[in-house]
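Following: one structure in structure tokens, then a few remarks.
Computed from a predicted structure; not experimentally measured. All residue numbers refer to positions in the sequence shown, counting from 1.
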Amino acid sequence: MTKRELEHAIALGSHAPTDAFELVGTELSVGTQTVTEIVAQAGGTPLYLYSEAGVARRVAAVRALLPTGVRLFYAVKANPMPALLRAMATRVDGFDVASAGEIDFALQAGMPAERISFAGPGKTVDEVAAATRAGVCVTAESAAQLLLVARAAQDAGAPAVAALRVNPNLELRGAGMRMGGGASPFGIDEEAIPAVLAGARNAGMRVAGLHFHFGSQILQGATIAAAMRHCAARALEWIGQGACAPAWVNLGGGFGVPYFPGERALDTEPIAAALADIAAQFHAQAPTVELRVELGRYLVAEAGVYLTRVLERKVSRGKLFIIVDGGLHHLQAATGTFGQVLRRNYPVADARRLAPVHAAVAVSLAAESAVADIVGPLCTPLDCLGRGVALAHLAPGDLVAVFRAGAYGRTASPESFLGHEPCREVLV
Ligand SMILES: Cc1ncc(COP(=O)(O)O)c(C=O)c1O
């Protein structure tokens with residue numbers, strides 16, 4: 001940790017600390033605004049609180065890794081909250097979207113159409129037509145999608161231009177979610193790309209971009225670096241052979257976030273080294289190509305916290321349950337039911353009784369030997385935000401913070417399940 005990180009880090013027990021927020025006394029805050037004040041202004045809990053400064057710091061940290069000229073794209077799916085998207089639009093170089101709805105969000109946030117790419121399997125004729133009308137580049141994930149783009153262009157009297165998503169032929173170890181290598185609904189198999197490029201050329205289509213997204217939630221920098229080197233090598237090979245002349249190559253990202261106990265923050269050094277090599281190779285062999293890196297959760301997860309209020313303490317056969325007003329319907333990922341194999345806790349804390357890190361003494365003031373389960377209001381045992389956490393002191397009215405909640409939260413959860421109120425969201 002750097003000195004600044006140490007000064008700003010908030011200890012989260014056996015979870016990696018976070019520097020995305022501040023403390024006023026022992027209370028979680030954004031700048032000098034405490035969560036008590038923010039919750040009151042927002043009209044109550046449950047509430048997603050995002051720190052604009054936290055996002056800005058993370059974007060700046062990523063930019064510091066990127067060689068000059070390498071562009072940073074944000075994957076809107078990670079968090080499409082309008083105010084956050086507007087803040088992001090001024091800080092990154094483009095957005096990647098996954099539906100016609102996200103195209104609208106991106107345009108409304110002020111991102112110019114030519115800086116938006118549209119990936120995703122299963123695009124409809126209407127979505128491709130909408131993207132074409134808006135001037136958004138469609139990333140074809142199959143030969144069939146390429147045909148859809150050609151037809152939409154013909155109907156619109158526009159030139160037929162598309163990007164291709166490549167399913168790279170690589171072994172990804174340690175990815176939370178593999179999205180490349182092996183059989184996949186995402187992208188066109190690397191081996192098939194030369195034939196698809198030839199077909200596109202024969203049909204008079206221009207391939208404007210090559211898009212590699214090999215995985216998500218990867219916490220080993222060396223794994224990401226190796227994958228990016230592989231993708232860059234393939235792109236340079238095809239360009240060198242004259243098979244395509246893309247304006248951009250998106251090397252993907254997959255940068256992970258330490259959600260669970262014992263996980264460490266991503267080591268970005270190998271990625272920076274790989275990108276420096278790749279940028280130099282492109283500079284020498286394909287100098288007009290714009291290189292892109294595309295990140296979702298890494299830019300926003302840490303800058304978000306989910307705040308929920310304690311309603312009740314309940315003991316059942318000797319076990320303590322802290323019942324709160326938020327849960328699975330807003331933040332499914334924290335309940336372990338969003339793709340995790342083993343249920344592990346997100347960092348959960350008493351939002352008004354946190355301690356700053358002082359050198360090696362990383363303690364939460366809430367640390368106690370007695371434990372409790374933090375459970376939500378849904379009628380399912382799956383609605384558990386923290387199992388066996390050292391927060392047995394919590395009383396009705398207290399605020400519970402679930403950290404690393406800024407990505408795949410509200411819009412990746414079954415909000416209408418059981419008809420509870422939608423969640424509030426605020427960017428401070
Ligand atoms: C094409 C594409 N880009 C970017 C992402 C974002 O991944 P992450 O949030 O892990 O960075 C995804 C995730 O599914 C994706 O499918």
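The minimum heavy-atom distance linking A225 with A274 is given by the pair CB-CB, 3.7 Å. The nearest pair of heavy atoms linking L418 to C379 is CD1-N, 3.5 Å. Contact detail for G254 and L295: the closest heavy-atom pair is N-CD2, 4.2 Å. Considering every non-hydrogen atom in both A113 and A134, the closest pair reads CB-O, 3.1 Å. Of all heavy-atom pairs between V402 and A334, the closest is CG1-CB, 4.1 Å. For the pair V136 and I116, the tightest heavy-atom approach, listed with the atom from each and the gap, is CG1-O, 3.6 Å.
Atom CD1 of residue I10 and atom CG of residue L23 lie 4.0 Å apart, to the nearest 0.5 angstrom. The line from CZ of R229 to CZ of R234 is 13.5 Å long, rounded to the nearest 0.5 Å. F118 contributes atom CZ, which lies 9.5 Å from atom CD of E141 (distance to the nearest 0.5 angstrom). In this structure, the separation between CG on L291 and SG on C231 is 11.5 Å, given to the nearest 0.5 Å. Separation of atoms CZ (R86) and CG (L427) is listed at 9.0 Å; rounding is to 0.5 Å. Taken to the nearest 0.5 Å, the CG atom of L251 stands 10.0 Å off from the CG atom of L210.
Taking 4.5 Å as the limit, every side-chain heavy atom of P82 sits out of range of all side-chain heavy atoms of F105. Under the 4.5 Å side-chain criterion, counting only non-hydrogen atoms from C-beta, L378 is in contact with H420. Within the 4.5 Å cutoff, side-chain heavy atoms of V249 are placed close to those of F212. By the 4.5 Å heavy-atom criterion applied to side chains, V166 and W238 are counted as neighbours. Taking the side chain as every heavy atom from C-beta outward, H230 and F214 never approach each other to under 4.5 Å. Taking the side chain as every heavy atom from C-beta outward, C384 and R343 approach each other to under 4.5 Å. Within the 4.5 Å cutoff, the side chain of Y74 has no heavy atoms near those of the V55 side chain. Between F21 and V30, the closest side-chain pair of non-hydrogen atoms falls below 4.5 Å.
Looking at N79, its side chain does come within 3.5 Å of a backbone N or O of M81 through a donor-acceptor pair. For the pair S29 (side chain) and E22 (backbone), a donor-acceptor distance under 3.5 Å is present. Judged by distance alone, with hydrogens and angles left aside, the side-chain atoms of D325 form no donor-acceptor pair with the main-chain N or O of P377 at under 3.5 Å. A distance-only check finds a donor-acceptor pair linking the side chain of D93 to the backbone of L72 [under 3.5 Å]. Of the possible donor and acceptor atoms, one in the side chain of R404 sits under 3.5 Å from a partner among the backbone N and O of P258. Judged by distance alone, the side chain of Q285 and the main-chain N or O of G240 form no donor-acceptor pair under 3.5 Å. Remark: the backbone N or O of G256 is not paired with any side-chain donor or acceptor of Q217 at under 3.5 angstrom. The backbone N or O of Q332 lies less than 3.5 Å from a partner atom in the side chain of S413, making a donor-acceptor pair. Of the possible donor and acceptor atoms, one in the side chain of E127 sits under 3.5 Å from a partner among the backbone N and O of A100. E302 places no side-chain N or O within 3.5 Å of a backbone atom of D19 that could act as its donor or acceptor partner.
With sequence neighbours excluded, the residues forming a salt bridge (charged side-chain N to carboxylate O under 4.0 Å, His left out) with E263 are R344, listed by chain and number. For E269, there are no salt bridge (charged side-chain N to carboxylate O under 4.0 Å, His left out) partners two or more places apart in sequence or in a different chain. With sequence neighbours excluded, no residue forms a salt bridge (charged side-chain N to carboxylate O under 4.0 Å, His left out) with E294.
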Take E290 and R115, measure what salt bridge (Lys or Arg N to Asp or Glu O under 4.0 Å) needs, and give me the verdict at the end. CA-CA 12 Å; E290 174 186 297; R115 305 304 301 169; 3.1 Å; yes
List the steps and the verdict of side-chain contact (heavy atoms from CB on, under 4.5 Å) for Q41 and V428. CA-CA 11 Å; Q41 276 161 23; V428 176; over 6 Å; no
side-chain contact (heavy atoms from CB on, under 4.5 Å) between L66 and L275, intermediate numbers included: CA-CA 7 Å; L66 304 181; L275 285 171; 3.6 Å; yes
What do the steps show when you test R58 against F255 for side-chain contact (heavy atoms from CB on, under 4.5 Å), and what is the final call? CA-CA 12 Å; R58 185 48 74 92; F255 293 20; over 6 Å; no
Please walk me through it: do L47 and I38 pass side-chain contact (heavy atoms from CB on, under 4.5 Å)? CA-CA 9 Å; L47 173 72; I38 295 167; 4.2 Å; yes
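With Y306 as reference, Y48 is the one residue of Y408, Y48, Y50 to meet the ring-ring contact (aromatic ring centres under 6.0 Å, His included) rule.
Residue E237 places its CD atom among more than 12 non-hydrogen atoms of other residues, nucleotides or ligands, all under 6.0 Å distant. Heavy atoms of other residues, nucleotides or ligands lying less than 6.0 angstrom from CD of E421 number 12 at most.
Within the 6.0 Å centre-distance limit, the rings of F260 and Y346 are counted as a close aromatic pair.
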